[in-house]
Enquirer: 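Shown below is the structure under consideration.
Within every chain, numbering begins at 1; the chains are lettered A, B, ... in the order of the sequence lines, protein sequences first and strands thereafter.
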Amino acid sequence: MSISVKLDRVLLDKGMSLTELSERVGVTIANLSILKTGKAKAIRFSTLEAICRELDCQPGDILFFDE
Amino acid sequence: MAKKTAKSIVSTLSTLVVATQWTLWFMLVFAPLTAIGVPYLPLRIGPDPADVDAEGTTFFIGLIFDEGMTRPAVFLEAIIVMVMAGAALYGLHHLRHILRNVSSGAAFVRGNGLRLRKAGYAAAAAQIAIYGLWLISVILEATMGLDFEGRVIILTPMPWVGILGIFVLSTIFLEGAQIKEEQELTV
């Protein structure tokens, strides 16, 4: 059981690269990679808010609960 | 500025640790050699042998042994010194690694906590061994009539305060390492 972050599909839908998202959100690519690869232990509300704002999506579009 | 001060403190501590290690190595070698060799060496600096109790081997080697110790007491003391010096050297070996990690900027890492815990176990084991040696000497005294006159074993709970302190510190380090890891992996 774990929470996973799936940024790929939303990025593809929006036609945005990870580098562009990193610049818009103000989070380094290294940290976004940690998020993308599932190594992150926590995500700040402020980061989630910025990602959702820039990708125009809901938290539920990028966060998934796997049983 | 504060970082520079911390670096110089770490450097001073490392030097002190190395100096202590050399002293302990000396004691580790010196204790058994003295215990075996002193009665045969012309090293008697104590009272005139003619005044000494016939049962006692009286000599004075300031660092480790006292005047007026019997041979069994000298051997007991030598073993205790070796146990203590061995445990201390093991602990200092880990302390040096911790200081090296700290100076390279990795203070709160899991390895440091585990190293501190190992040093704590060594100190506790040495302390228990000393109690065991004391018990053995009492038993030998009662059963075989060996004379341990002059033995110095301090049976106080004070060392345990230090040992508990080491374990508390190691727990803090481990907890700190976990918090740091979580902090680093928070995006």
Enquirer: Do B:Phe167 and B:Ile172 share a hydrophobic cluster, counting only Ile, Leu, Val, Met, Phe, Trp and Tyr and linking them when any side-chain heavy atoms are less than 4.5 Å apart?
Expert: no

Enquirer: Quick check on the hydrophobic clustering: are A:Phe64 and A:Val5 connected, directly or via other members, by side-chain heavy-atom contacts under 4.5 Å?
Expert: no

Enquirer: Less than 3.5 Å apart, which donor and acceptor atoms pair up between the side chains of residues 103-113 of chain B and the rest of the protein, not counting sequence neighbours?
Expert:
| from | atom 1 | to | atom 2 | distance (Å) |
| --- | --- | --- | --- | --- |
| B:Ser103 | OG | B:Leu99 | O | 3.4 |
| B:Ser103 | OG | B:Arg100 | O | 2.9 |
| B:Ser104 | OG | B:Arg100 | O | 3.4 |
| B:Ser104 | OG | B:Asn101 | O | 3.0 |
| B:Asn112 | OD1 | B:Asn101 | ND2 | 2.7 |
| B:Asn112 | ND2 | B:Ala106 | O | 3.2 |
| B:Asn112 | ND2 | B:Ala107 | O | 2.7 |

Enquirer: Same hydrophobic cluster for B:Ile136 and B:Met144, using side-chain heavy-atom links shorter than 4.5 Å among ILVMFWY?
Expert: yes

Enquirer: Please output the residues of residues 173-187 of chain B in contact with chain A, using a heavy-atom cutoff of under 4.5 Å, in numerical order.
Expert: B:Glu181, B:Glu182, B:Gln183, B:Leu185, B:Thr186, B:Val187

Enquirer: Looking at B:Trp160, I want to see if its CH2 is surrounded by more than 12 non-hydrogen atoms of other residues, nucleotides or ligands under 6.0 Å.
Expert: yes

Enquirer: If hydrophobic clusters are built by linking Ile, Leu, Val, Met, Phe, Trp and Tyr wherever their side-chain heavy atoms come under 4.5 Å apart, do B:Leu24 and B:Tyr90 end up in the same one?
Expert: no

Enquirer: If the contact rule is any heavy atom under 4.5 Å from chain B, which residues of residues 8-29 of chain A qualify, in numerical order?
Expert: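 Answer by number: A:Val27.
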
Enquirer: Not counting sequence neighbours, which residues clear side-chain contact (heavy atoms from CB on, under 4.5 Å) with B:Thr156? List them please.
Expert: B:Ile154, B:Met158, B:Pro159

Enquirer: Is A:Ile3 reachable from A:Ile51 through a run of hydrophobic residues whose side-chain heavy atoms are each under 4.5 Å from the next?
Expert: yes

